[in-house]
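Beneath this line is the structure, given in structure tokens, with notes to follow.
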2 protein chains.
Amino acid sequence: MAKTGDRARTKAASALGSLDFALDRGSPVPLYHQLAQQLEAAIGHGVLAPGNLLGNEVDLSVRLGLSRPTVRQAIQSLVDKGLLVRRRGVGTQVVHSQVRRPLELSSLYDDLEAAGQGPATEVVRNEVVPAACDVAAALGVPEGSEVTVLDRLRLTHGRPVALLRNYLPVPLLDLDSARLESTGLYRVMRSAGITLHSARQTVGARAATAQEAARLDESAGAALLTMRRTAYDDTGRPVEYGTHLYRASLYTFDFQLLVRP
Amino acid sequence: MAKTGDRARTKAASALGSLDFALDRGSPVPLYHQLAQQLEAAIGHGVLAPGNLLGNEVDLSVRLGLSRPTVRQAIQSLVDKGLLVRRRGVGTQVVHSQVRRPLELSSLYDDLEAAGQGPATEVVRNEVVPAACDVAAALGVPEGSEVTVLDRLRLTHGRPVALLRNYLPVPLLDLDSARLESTGLYRVMRSAGITLHSARQTVGARAATAQEAARLDESAGAALLTMRRTAYDDTGRPVEYGTHLYRASLYTFDFQLLVRP
DNA sequence: AAGTGGTCTAGACCACTTT
DNA sequence: AAGTGGTCTAGACCACTTA
């Protein structure tokens with residue numbers, strides 16, 4: 001029988017034979033995360049090409065001086081991201097897809113991401129009003145209680161792309177219009193100590209009214225994308241409700257889905 | 001000092017003190033999955049109410065006769081689903097949200113889910129054609145090579161809601177129009193041994209052409225929701241490309257997002 | 001039969017939060 | 001100071017795939 005220590009290459013040459021991973025045990029970054037980052041970088045750079053096998057987890061853990069559960073945790077995080085696929089009895093492979101770096105799951109950050117392509121925001125309205133029925137229901141406050149309403153016009157390359165309307169519980173934070181023109185709402189909320197946790201979105205479409213068309217530089221009756229979103233913090237309390245309009249000619253939602261096993 | 005065996009209730013009475021979990025070690029279902037299912041059921045039934053603490057992981061593992069990593073794996077899966085929140089130094093709580101059972105992430109299965117509300121499909125076209133430019137690019141086949149094109153009209157409650165157009169690589173499977181009228185495309189693919197793994201979607205809007213309007217029982221120029229989707233199997237190979245049209249007056253996309261920590 | 005990932009254990013130490 | 005989750009270890013046995 002082969003000795004345990006004999007780790008000559010098995011049938012499938014592991015694609016990362018010469019790859020060296022620099023793990024810093026003194027770093028506050030967990031080891032499994034360091035490993036995951038470096039694996040992801042290797043995939044991103046093409047060092048690990050689609051279809052390549054990773055080599056079995058036991059050898060890998062020995063080579064890296066880690067325990068197998070730690071190596072598994074790193075690999076699992078990339079499987080969850082859709083970069084790797086595991087097959088029992090076969091091995092772990094780099095996924096074989098054309099869409100290598102997809103848009104994450106995002107779309108919660110669409111406002112912020114848009115900032116990469118010519119950001120501009122105009123705060124049209126920022127005041128406290130009594131909550132209407134739908135707003136009260138979404139935010140979980142009594143109807144008629146005070147909420148902040150925020151209307152913004154978002155532009156890219158000097159052209160209007162979206163009308164954003166948001167409602168927030170008043171006690172949450174005070175909204176500085178100036179700051180809101182230079183950054184996204186979520187960034188403002190985050191720096192106020194509000195950590196977003198989940199959101200529920202509904203995307204639809206309808207024709208523009210004359211007034212909407214005028215603001216968005218479209219003709220009346222043009223198709224608009226609509227989005228309603230309620231966002232929740234850590235504890236599940238609603239912290240924001242928004243009803244937004246996007247010019248369909250300039251904007252689409254795209255996202256990647258992973259099928260849970 | 002308190003003895004180790006002393007597991008009288010600590011400061012926060014664990015909400016599942018009297019809950020009994022039936023774990024079957026003989027079952028092929030993993031223990032962590034059995035535990036996760038029963039926790040999820042307890043949350044669903046309201047036995048574990050929002051805000052309730054779960055009790056610390058060490059005690060829990062002792063009570064259940066499991067190791068702590070196994071208990072953690074069960075809890076983690078529910079955290080990933082958005083049902084639980086962990087806080088270091090505090091504990092694990094049932095999330096405090098109004099939207100308890102959201103639509104999963106779904107939307108890949110929208111066709112199938114729709115079957116719950118008055119399903120009907122009419123196969124309008126099912127034939128082999130040479131691949132156009134965009135189709136070839138999406139499916140990763142040479143332009144002009146043969147692909148199957150499938151046009152379907154989807155109705156609910158007797159009214160048309162969507163025009164679905166799908167392209168598939170020919171060698172993949174042969175599509176039985178009769179079966180496609182009684183179930184969804186993905187179900188047919190699945191029973192042919194094709195396991196979907198991920199998909200990339202783009203949602204937009206535009207006005208209906210006269211022909212589209214006629215088919216969908218809308219007036220010309222009405223706002224339609226558009227969806228383009230490419231779906232991939234385990235290995236990352238594209239297995240389906242679809243361009244769909246939905247009546248915005250009858251259909252919206254909704255989904256839940258979780259923010260990655 | 002050999003090799004792979006899937007599951008599970010029984011500990012350990014650390015970082016963070018609350019009292 | 002006490003209690004919590006976060007990380008990590010060094011093994012073990014099993015189920016599945018391939019040859």
Side-chain angles (χ1 to χ4, degrees), chain A residues 1-15 23-36 52-80 84-93 234-235 261, chain B residues 1-4 6-15 23-36 52-62 64-80 84-93 234-235 261:
Chain A
M1 332 167 176
K3 296 207 177 133
T4 309
D6 180 11
R7 40 185 150 97
R9 53 204 83 22
T10 53
K11 75 172 166 189
S14 112
L23 299 173
D24 176 8
R25 296 191 101 91
S27 161
V29 178
L31 292 171
Y32 74 88
H33 197 248
Q34 293 183 37
L35 176 54
N52 280 175
L53 284 169
L54 228 60
N56 78 64
E57 298 174 350
V58 181
D59 283 2
L60 201 54
S61 63
V62 172
R63 280 224 331 260
L64 298 172
L66 297 173
S67 70
R68 188 185 162 202
T70 302
V71 171
R72 270 186 70 80
Q73 194 174 359
I75 292 178
Q76 187 59 46
S77 70
L78 297 186
V79 170
D80 291 340
L84 297 177
V85 184
R86 291 205 233 237
R87 297 165 188 273
R88 196 171 354 202
V90 178
T92 303
Q93 300 182 1
D234 276 22
T235 69
Chain B
M1 338 168 169
K3 299 211 173 126
T4 311
D6 181 10
R7 40 187 150 99
R9 48 204 87 24
T10 53
K11 77 173 167 187
S14 113
L23 298 173
D24 176 8
R25 296 190 103 91
S27 161
V29 178
L31 291 172
Y32 74 88
H33 196 248
Q34 292 183 37
L35 176 55
N52 280 175
L53 284 168
L54 229 59
N56 78 64
E57 299 174 350
V58 181
D59 283 1
L60 201 54
S61 62
V62 172
L64 297 173
L66 297 173
S67 71
R68 188 184 163 205
T70 302
V71 172
R72 271 186 70 80
Q73 194 173 358
I75 293 177
Q76 186 60 45
S77 70
L78 296 186
V79 170
D80 291 340
L84 297 176
V85 184
R86 290 203 230 239
R87 296 166 189 274
R88 212 204 296 242
V90 179
T92 304
Q93 299 181 343
D234 277 21
T235 69

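Side chains are part of it too, since the values below use all heavy atoms of this structure and drop only hydrogens, waters and symmetry mates. Quick note on labels: first sequence line is chain A, next is B, and so on, each numbered from 1.
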**Message:** Which heavy atom of Leu35(B) sits nearest to which heavy atom of Leu23(B), and what is that distance?
**Reply:** N-CD2, 4.1 Å
**Request:** Return the value, rounded to whole Å, for the distance between atom CD of Gln93(A) and atom C1' of dT17(D).
**Result:** 13 Å
**Complete:** On a heavy-atom basis, the closest approach of Val58(A) and Arg68(A) is CG2-CD, 4.1 Å
**Item:** Who pairs with dC16(D) - Watson-Crick or G-U, where each distance is under 3.5 Å
**Value:** dG3(C)
**Asked** Using a cut-off of less than 4.0 Å, is there contact between a side-chain N or O of Asn56(A) and OP1 or OP2 of dG3(C)?
**Response** no
**Message:** To check you understand the geometry: which heavy-atom pair defines the closest contact between Ala36(A) and Leu78(A), and what is its length?
**Reply:** O-CD1, 3.8 Å
**Message:** Contact between Leu66(A) and Arg25(A) at the side-chain level, heavy atoms closer than 4.5 Å - yes or no?
**Reply:** yes
**Request:** Please state how far atom CG in Leu31(B) lies from atom P in dA10(C), giving the value in whole angstrom units.
**Result:** 12 Å
**Item:** Atom-pair distance (CG on Leu84(B); P on dT4(D)), nearest Å
**Value:** 16 Å
**Message:** If I take atom CD in residue Gln73(B) and atom P in nucleotide dT7(D), what distance separates them, rounded to the nearest angstrom?
**Reply:** 15 Å
**Item:** G-U wobble or Watson-Crick pairing nucleotide for dG11(C) (cut-off 3.5 Å, both distances)
**Value:** dC8(D)
**Request:** Looking only at side-chain atoms of Thr70(A), point me to the closest of dT9(C), dG6(C), dC8(D).
**Result:** dC8(D)
**Message:** On a heavy-atom basis, which atom in Val29(A) and which in Gln34(A) lie closest, and how many Å separate them?
**Reply:** O-NE2, 2.9 Å
**Message:** When you measure from the side-chain N and O atoms of Thr92(B) to the phosphate of dG5(D), is any distance below 4.0 Å, counting only OP1 and OP2?
**Reply:** yes
**Message:** Between P on dC8(C) and CZ on Arg25(B), what's the gap in Å once rounded to a whole number?
**Reply:** 8 Å
**Base dG6(C) paired with Arg68(A) side chain (donor-acceptor, <3.5 Å)** = yes
**Closest to side chain of Glu57(B), choosing from dG6(D), dA10(D), dT7(C)** = dG6(D)
**Request:** Find the distance Arg88(B):CZ to dC16(C):P and express it as a whole number of Å.
**Result:** 6 Å
**Asked** With a non-hydrogen cut-off below 4.0 angstrom, is Arg72(B) in contact with a base, only sugar-phosphate, or nothing?
**Response** base
**Request:** Could you tell me whether Pro28(A) contacts a base, only the sugar-phosphate backbone, or nothing, with contacts defined as non-hydrogen atoms closer than 4.0 Å?
**Result:** nothing
**Message:** Could you tell me how far apart Arg87(B) (CZ) and dC16(C) (P) are, to the nearest whole angstrom?
**Reply:** 16 Å
**Prompt:** Choosing from dG6(D), dT17(D), dT18(C), which nucleotide comes nearest the side chain of Val90(A)?
**Reply:** dT17(D)
**Request:** Whole angstrom is fine here: how far is it from CG in Leu60(B) over to C1' in dG5(D)?
**Result:** 13 Å
**Message:** Between Val58(B) and Tyr32(A), which residue's closest nucleotide on DNA chain D lies nearer the 5′ terminus?
**Reply:** Val58(B)
